[in-house]
There are 2 protein chains.
Amino acid sequence: MDTTQRTDQERSADRRRRELLEAADRVVLRDGPGASMNAIAAEAGITKPILYRHFGDKGGLYAALAKRHTDALLDSLRAALDAPAERRERVEQTLDTYLTAIEARPQVYRFLMHPAEGGHQGEGFDVGKHSAPLLRRMGEELAQVIEERLDLGPDGERLARVWGHGIVGMMHAAGDWWLGERPCSRRELVRSLADLLWGRLAAAGDKVGGPGF
Amino acid sequence: MDTTQRTDQERSADRRRRELLEAADRVVLRDGPGASMNAIAAEAGITKPILYRHFGDKGGLYAALAKRHTDALLDSLRAALDAPAERRERVEQTLDTYLTAIEARPQVYRFLMHPAEGGHQGEGFDVGKHSAPLLRRMGEELAQVIEERLDLGPDGERLARVWGHGIVGMMHAAGDWWLGERPCSRRELVRSLADLLWGRLAAAGDKVGGPGF
DNA sequence: AGACTGCTGTTACCTTAGGTAACACGTTAG
DNA sequence: CTAACGTGTTACCTAAGGTAACAGCAGTCT
């Protein structure tokens, strides 16, 4: 076996893998995250054991699927984060990019974040092991950007990481709630969150008559 | 059938229900969230159909279990939120209360938030349908407090809700990350998050030499 | 007393779904 | 021609959620 050569077989296997992932994607987007391995195999026009040969187990398939979408989302976010603009503008752009993404493909979003929901009755893919990674990766990524660019004093690295994860969590929770209830426009949500990050909570006055918060 | 009277049967049924919930609690805390209905029934010294008679299905059992813990946590948070102190102190107290709770009983926390993780191989309880409720309830609760006490202008209600969910998400994500990596003390985490909420992100200076964030 | 009702509990079963073993066919190398 | 390998299949195992049907026992009604 020559290890250096890219044989036809290897290329064909890669292509097959991509095809299978695309089929899985279609099924997951159609049937929700509870899609069964059988259904995915059927959509791909083959049978279960082949899926297992390619991805090991359901978690492997999930991981491969999640990686594609996660990478794509992270690329968009990096672009927004790196855009040439002042800080507030950049923050708003990043929030908007995230929200636009989850708004445009809620099925993908729900798959990545709440995999067990849409299923008809079974459990489906497991979130726990995989939704965290997405949030974590976003958090670490943001932390790195913050740490690189902001002067936060001696404790900067720790602060940056806390803030990275905190801001990502804020974005995520607010986005999740917003996607479910649609209580306002995306623009309004972005501005409200940026306002929060800009200290408006601390600056707001007490309501007349009530005890100060 | 007398509807007004609390019969022995009803009290006994309630007691039974509590016993079952406590057994379920023990199993979930021991085996992780992947605990099977069989295992729970065995721990309670009975068999499956009884569990199903009491809770309908696994989701019902989960919901009952989650409600207990969620209510308890919300009570603690309300107390911290209502304490007589100034705003920053109160915010820090609330964050600290939450973090203390998840630190003290990580198993419970993981059950509520990432149910599918600890399981040996199966899927276990589903998160999607139930972890959201906890976050949502906390978010709505906080929103209400914010809206009651802060003067946020004409758009106050919307702002309060966005902030409620956003802050809860921030707390959650940061807490989850912190619980996993323990990168700093609880006190430091609380201060860092409060600083973030107090606008220190916006106020920080650019790092010398780098492009401004 | 004896039958009826209702609750508690059981055993034994169904179904779905993840995962695997064993086998069949076609292609290519020696 | 045959041996090896990749690709695909069928048929199965197991674990788990969920349910039907039946057994025993307390109180109640005639």
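Quick caveat, the model's predicted, so the values are computed rather than measured. Each chain gets a letter, A, B and so on, in the order its sequence line appears, and its residues count up from 1.
Going from atom CG of N38(A) over to atom C1' of dC12(D) covers 13 Å, rounded to whole Å. Put simply, CZ on F55(B) is 15 Å from P on dT19(D), counting in whole angstrom units. The CE atom of M37(A) sits 19 Å away from the P atom of dA15(D) (whole-angstrom rounding). With rounding to whole Å, K58(A) atom NZ is found 8 Å from dG19(C) atom P. Rounded to whole angstrom, the span from the CG atom of D31(B) across to the P atom of dA16(D) amounts to 11 Å. Atom CZ in R15(B) sits roughly 14 Å away from atom C1' in dC7(C) (whole-Å rounding). Rounded to whole Å, the distance from OH on Y62(B) to P on dG17(D) is 15 Å. The CD1 atom of I40(B) sits 12 Å away from the P atom of dA16(D) (whole-angstrom rounding).
Annotation for P183(B) and W177(B): closest pair CG-CH2, 3.3 Å, computed over non-hydrogen atoms. Shown here for D176(A) and R136(B), the closest heavy-atom pair between the two residues is O-NH2, 3.2 Å. Residues H172(A) and Y109(A) approach most closely at CD2-OH, 3.4 Å, considering heavy atoms. In this structure, S36(B) and K58(B) approach most closely via the heavy-atom pair CA-NZ, 4.4 Å.
In this structure, the nucleotide among dG17(D), dG18(C), dG9(C) sitting nearest to the side chain of S36(B) is dG17(D).
Not counting sequence neighbours, D57(A) has no partner by the side chain to side chain donor-acceptor pair (under 3.5 Å) test. For W163(A), there are no ring-ring contact (aromatic ring centres under 6.0 Å, His included) partners, not counting sequence neighbours. Under the ring-ring contact (aromatic ring centres under 6.0 Å, His included) criterion, W178(B) pairs with no residue at all, not counting sequence neighbours.
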Hey, can you pull the donor-acceptor pairs under 3.5 Å for the side chains in residues 40-55 of chain B, sequence neighbours left out?
{"unit_1": "E43(B)", "atom_1": "OE1", "unit_2": "R30(B)", "atom_2": "NH2", "d": "2.8"}
{"unit_1": "E43(B)", "atom_1": "OE2", "unit_2": "R26(B)", "atom_2": "NE", "d": "2.7"}
{"unit_1": "E43(B)", "atom_1": "OE2", "unit_2": "R26(B)", "atom_2": "NH2", "d": "3.2"}

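Contact check of residues 44-54 of chain A against DNA chain D (heavy atom, cut-off under 4.0 Å) returns I46(A), T47(A), P49(A), I50(A), R53(A).
Rounded to 10°, the helix from dA1(C)-dT30(D) to dG30(C)-dC1(D) has 30° between the axis fitted to its first five pairs and the one fitted to its last five.
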Between L152(A) and I146(A), does a side-chain contact (heavy atoms from CB on, under 4.5 Å) hold up when you go through it step by step? CA-CA 9 Å; L152(A) 295 171; I146(A) 292 176; 4.0 Å; yes
